[in-house]
Structures are given as C-alpha cells and as structure tokens.
S.K.: 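Pasting in a structure now, in structure tokens, and then I'll have a few things to ask.
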Number of protein chains: 2
Amino acid sequence: MQNAAKMDRAAVKNPVRSPTPEQCRDCSARHIGMCDVLSDADLSVLAHVAQRISLAAGKIFIEEGDPARYFYDINQGDVRVYKSLADGRRQITGFMGVGHFLGLAAGGKYAFTAEAINDVHLCRFERGAIKEVFDEFPALQRRLLDVATHELVIAQEQMLLLGRKSALERVAGFLLSWAENYAQGKSEPVTIPLPMSRMDLADYLGLTIETVSRSLSQLKRDKLIFFADAHAVTLLKKHRLQLIDAGEA
Amino acid sequence: MQNAAKMDRAAVKNPVRSPTPEQCRDCSARHIGMCDVLSDADLSVLAHVAQRISLAAGKIFIEEGDPARYFYDINQGDVRVYKSLADGRRQITGFMGVGHFLGLAAGGKYAFTAEAINDVHLCRFERGAIKEVFDEFPALQRRLLDVATHELVIAQEQMLLLGRKSALERVAGFLLSWAENYAQGKSEPVTIPLPMSRMDLADYLGLTIETVSRSLSQLKRDKLIFFADAHAVTLLKKHRLQLIDAGEA
DNA sequence: CGGGACTTTGAGCTTTCTCAACGATGGTGG
DNA sequence: CCACCATCGTTGAGAAAGCTCAAAGTCCCG
C-alpha cells in the first residue's frame, strides 16, 4: 500500500518510464502502428528504449523548428498536427489517433507542431536509441517507410480537398475519412466521435468555423448525418456523402 | 557502322535499355536522387536493373489506380503529378524535375497520375528487381525513407498554402520554392524557367488561370519579378517575395 | 445553478471565380 | 519567308462562394 502510494508519487514527478511487457501486451496500439510488426518477445527490445508519457489536453509536445530528438507512438487520445503563419493563421495537416506514429523529420528539425486534443498517452523513442533497434529489426525500418508512404497518400488526398473541393465536399470528405478510423468499410448508421473542436475542423479543412458549422447543418437538414451532440456524429447515408465527396452531387 | 545503325533502329523500336556506366557517369541526376548514395562501382548493380525511357511531352506514364509496378528516377525534363475528381477538377500535388524520385505507393496502387510536361528521360526500376538491390545496399532503402520524409514536409507546406494563403501569397510562395530547384539560396536577380503552363500553375495552387495571371501581373507591376517571356521569370526582390509568402506583407 | 467557452445562425462584404474579349506566341503550310 | 491559325496568356466586368462581424443559443464544469 505504502509502496504503491510512493510509486504513484514518483510517477507523477517523473512520468517517463519504459513500458512493462504487460503494458505492451494490453496496449491499445499493440496491433497497429509500429509495434504490430514485432513478436511479443522482440517487442521487449523496443519497449526497452521506449518511454511512456502522459499529456494533458492542450499540451504541445512537438514544436515546429525544434531539433527532432524523438519519435512518438500514440497509445491513447488524439493529437492535432499543424503549421502556422506569423499572423496566427493555422493549417492542421492531420489528426492522429491511437496507433499513429509521429515524428518523421527532414534536416533534423520538426516541420510541424503537435498538440494533444484530449488526454494523451504515448510512447517516446529517442532517435539515437531506436536506430540500433532498427538495425536489429529491419522490418521496423520498412514499416517506417510504409507509414511515410501512407501519410504521403493521405497528404495528396488532402491537397485535392484543399485546392479543389467546395465547403460541403470538404466536410463530407472529412466525415468519411475520419469514420474510417473507427469503422473500416462498415456501412450505414455509423456513429463516430469528433474529439476536435469546430475551430480544429475549420483549420483542417481550410474554412472558417462558421462555414464548417453551416455545412454540417446542411448535411443534418438533408438527413445525411445526425448529431447526438456537437462531438458525436452519426453517418446515416454514407453513399450520398461519398457522392458529395467525389463531386458527383 | 552497319551495327550502329541497326542498334539505333532497335532503340527506336524498343527504347527500353539499361544505362551504360558512361551514361550513368554523365547523367545529370548522377549526384542527386537515388544514385547519389552509391559509388560508381556499386552504381553498376543498380544500373543493371534500370531501364532508360524517353517520353514525349504530354505522355502519361503513371496512372492513378494502376498497379504500382515501377519506381522512376527523372534524368531529364519535368513531370506533373496530380489527382483528379470525376468532373475533371484537377489538383497538381507536385512538379518533379531532374533527380526526383517517383513511384512510392501504398496498397500496391499508385494514388496519383504522372505526366511529362516536356520531353522527359527517366530510369525505370521494376519493384521486384530493385528489392534485391535494396537488400544489398541498405543505404538505398534509407534514402527512400529520406525522400518520402522530405516529400511529406513539402506536402505539409503545400497544405498550409492551399488551406490558408491568399492568391498573391500562393504565387509568391510558389516562385520561391520553385527557384530553390535552380539556385539554392542564391540571392537577388535569379532567373528561372517555368516549363509548366498557367493552367498547371492554377491547378497546383488551387486557383484559376485568371487569378494566377493577375497575381503574376501584380508582382510584375510592383517590380518584384520580371518576365523575359511567359515561361522565364526573374526574381528581383526575393526578400519582399518572402515577406508576402509568410503573410507579413 | 451560473458563467465562460463553444456552436449555430444571420446579414453584409470581400476575394476569387466565371464569362467574355482581346493580345501574344509559336508552329505550319503555302 | 511570311501569313495564318490554334493555343496560351492577359485583362475586364459581373456573379458567387465563403469570410467577417454580430448576436443568440447550448453545453460543460465548477
């Protein structure tokens, strides 16, 4: 009892700790993201260079321009990744959930800022330490390339959205792609959480909060979506959303 | 003589040929792109699985949705990479010049179309064949990750441009980034070619040709740039272009 | 239960788009 | 070699999508 209390206090003062095998086994990101390519046995090698970190909502843990010391793997919660202009304009380049890998950088510096949307748990890997693990398990390095390639495909899709789609098309497109994180391919009434604010949505879709709100209201009026509350949306007519997204409606 | 003539004829009928060591040595992409990480000796291994290809302006050589059989390395000319919507709207996600590497794909399918802007020469690598070379030279695999990471950084910058910048800021930003391909960091009167059409520019910047033209005209009126002709621009006041690009003017 | 933050809705405005005409340029055939 | 035509680029005027400013409504959290 007393020991446990002591450890808890220690954990609060210094929450940087490697995950135990049990924590890895039970981790919600165990079979997505980086860890999925390793067996339980091999995972302990990776776990050894990992540090578990907890972040409160709003905490910035990667800052644009800072030296890129760490990679991150999200175990819990959601993260917004963005770039800013001097006058405060902001473009969110992605929302990252459980299992997402984060921290690729060119030229040794992060090119983006990353901020916790809600309470976040993640595993942090120092670049130097993880390099040796990569050499030991080439599958990890290959997975890294897969992740980067996948991000690139998504980024290209987002450029199409930002450059060429109407407000309604952007909102429909976002709902569909966000839903994929929760219910791959599942059809009809799919209910998904929207942990981010309307402001986040606006900064992701290249719109204003008002236009996002109006577009969501229109989809609601047309009975394509339904809101239990502002942060939980149900997709009622996925097919018609897809038509709108593709510019065919 | 007769043999040479015969080979030339064969080359015309079947222009798919591995490059000779001399061709590699003299290639304008020798010290950029993939090949740069290999010594002349090692390069012959890569050259062995390469096929030199020539494309006329306008030729599409990667089509969105097709099985991703090849990687490409551009030796000469410029390429536009884009995605399209059903109704013909198009978003160019990048212009690729000499030394650029092309062909990363997730899920075995290309997510974009690639088309020659002018006459293009490139080296083509079959995925199966190159995989063995990658195993032999891990530096190549690492370079691939560097390329993907760099592309990702550029894509994020482009999302900021498309989502949050004004027309004038987009055009200024494009001129600066395009100039980097020709004169890294060089200052003041830098003259650069614009091989792409105004339509290409519009589809890259998420604008219309008219708005691109008006923005260029404004920069010209303000004496920040100068046109020898429509496809050769001189940057006169790089610093002021940078201010515009950053949203500080 | 109250207050601050977030979201929705409305009205007028700005930027960019659309439609149209004019101008330049480059390739071709007489 | 020049004239012609097709294509591309520039400029102008009016229209529209989305933005700004404003106010009312809603939801948490203390």
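Chain letters run A, B, ... following the sequence lines, proteins first and then strands; every chain starts at 1.
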S.K.: If we ignore angles and hydrogens, is there a donor and acceptor under 3.5 Å between the side chains of A/Gln91 and A/Tyr82?
M.R.: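 The answer is no; no qualifying pair exists.
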S.K.: C/dT8 C1' sits how many Å from A/Phe227 CZ, rounded?
M.R.: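 For the pair A/Phe227 CZ and C/dT8 C1', the rounded distance is 11 Å.
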S.K.: May I have the list of side-chain donor-acceptor pairs in residues 240-249 of chain B shorter than 3.5 Å, sequence neighbours left out?
M.R.:
from     : atom 1 : to       : atom 2 : distance (Å)
B/Asp245 : OD1    : B/Lys165 : NZ     : 2.7

S.K.: Does NE2 in A/His231 sit with more than 12 non-hydrogen atoms of other residues, nucleotides or ligands closer than 6.0 Å?
M.R.: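 Counting neighbours around NE2 of A/His231, more than 12 heavy atoms of other residues, nucleotides or ligands fall under 6.0 Å, so yes.
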S.K.: May I ask you to verify whether the side chain of A/Arg170 and the base of D/dG18 hold a donor-acceptor pair under 3.5 Å?
M.R.: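 Side chain to base: no pair present.
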S.K.: Between A/Arg221 and A/Arg164, which residue's closest nucleotide on DNA chain C lies nearer the 5′ terminus?
M.R.: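 With A/Arg164 and A/Arg221 compared, the 5'-side residue is A/Arg221.
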S.K.: Nucleotides 24-30 of chain D: which of its N/O atoms have a protein N/O under 3.5 Å away?
M.R.:
none

S.K.: side-chain contact (heavy atoms from CB on, under 4.5 Å) with A/Val98: which residues, sequence neighbours excluded?
M.R.: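 Per chain and number, A/Val98 pairs via side-chain contact (heavy atoms from CB on, under 4.5 Å) with A/Ser28, A/Ala29, A/Ile32.
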S.K.: When you match B/Met196 and B/Arg214 each to their closest nucleotide on DNA chain D, which lands nearer the 5' end?
M.R.: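 Counting from the 5' end, the first nearest nucleotide belongs to B/Met196.
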S.K.: Calculate the interatomic distance between B/Leu219 atom CG and D/dT11 atom P; express it in whole Å.
M.R.: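 Whole-Å distance recorded here is 12 Å.
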S.K.: Is the phosphate of D/dT11, meaning OP1 or OP2, less than 4.0 Å from a side-chain N or O of B/Ser217?
M.R.: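 Answer yes for this pair, as a side-chain N or O of B/Ser217 is under 4.0 Å from OP1 or OP2.
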S.K.: Between C/dT8 atom P and A/Leu194 atom CG, what is the distance in whole Å?
M.R.: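 For the pair A/Leu194 CG and C/dT8 P, the rounded distance is 10 Å.
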S.K.: In whole Å, I'd like the distance from the CD atom of A/Gln218 to the P atom of C/dT8.
M.R.: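 From A/Gln218 CD to C/dT8 P: 14 Å.
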S.K.: Show your working on salt bridge (charged side-chain N to carboxylate O under 4.0 Å, His left out) between A/Lys59 and A/Glu115 and close with a plain yes or no.
M.R.: CA-CA 5 Å; A/Lys59 177 71 180 173; A/Glu115 184 177 351; over 6 Å; no
S.K.: How bent is the helix from C/dC1-D/dG30 to C/dG30-D/dC1, measuring the angle between the end axes built from five pairs each, rounded to 10°?
M.R.: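 Overall, the helix from C/dC1-D/dG30 to C/dG30-D/dC1 bends by 40° from one end axis to the other.
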S.K.: Using side-chain contact (heavy atoms from CB on, under 4.5 Å) as the criterion, list what pairs up with A/Thr211, not counting sequence neighbours.
M.R.: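 Partners of A/Thr211 under the side-chain contact (heavy atoms from CB on, under 4.5 Å) test: A/Ala167, A/Leu207, A/Thr208, A/Ser215.
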S.K.: Which residues, if any, of residues 199-213 of chain A bring a heavy atom under 4.0 Å of DNA chain D?
M.R.: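 Correct list: A/Gly206, A/Leu207, A/Thr208, A/Glu210, A/Thr211.
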S.K.: Taking the six-membered ring of A/Tyr70 (Phe, Tyr or Trp), confirm whether the NZ or CZ of A/Arg124 is under 6.0 Å from its centre and within 45° of its axis.
M.R.: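 Yes, A/Arg124 and A/Tyr70 form such a contact.
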S.K.: Do other residues, nucleotides or ligands put more than 12 heavy atoms under 6.0 Å from B/His121 NE2?
M.R.: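 More than 12 within 6.0 Å, yes.
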S.K.: Send over the distance from A/Leu216 CG to C/dC6 C1', rounded to a whole Å.
M.R.: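 It works out to 14 Å between those atoms.
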S.K.: Can you check whether B/Arg198 has a side-chain N or O nearer than 4.0 Å to OP1 or OP2 of D/dT10?
M.R.: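 Indeed, a polar side-chain atom of B/Arg198 lies that close.
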S.K.: Do NZ/NE/NH1/NH2 and the carboxylate oxygens of B/Asp203 and B/Arg80 come within less than 4.0 Å?
M.R.: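 Answer for the salt bridge query: no.
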S.K.: Measure the spacing between CZ of B/Phe226 and CG of B/Leu219 and express it to the nearest 0.5 Å.
M.R.: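 CG of B/Leu219 is found 14.5 Å from CZ of B/Phe226.
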S.K.: For residues B/Tyr204 and B/Phe95, establish whether the separation of their ring centroids is below 6.0 Å.
M.R.: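 Yes, the ring centres sit under 6.0 Å apart.
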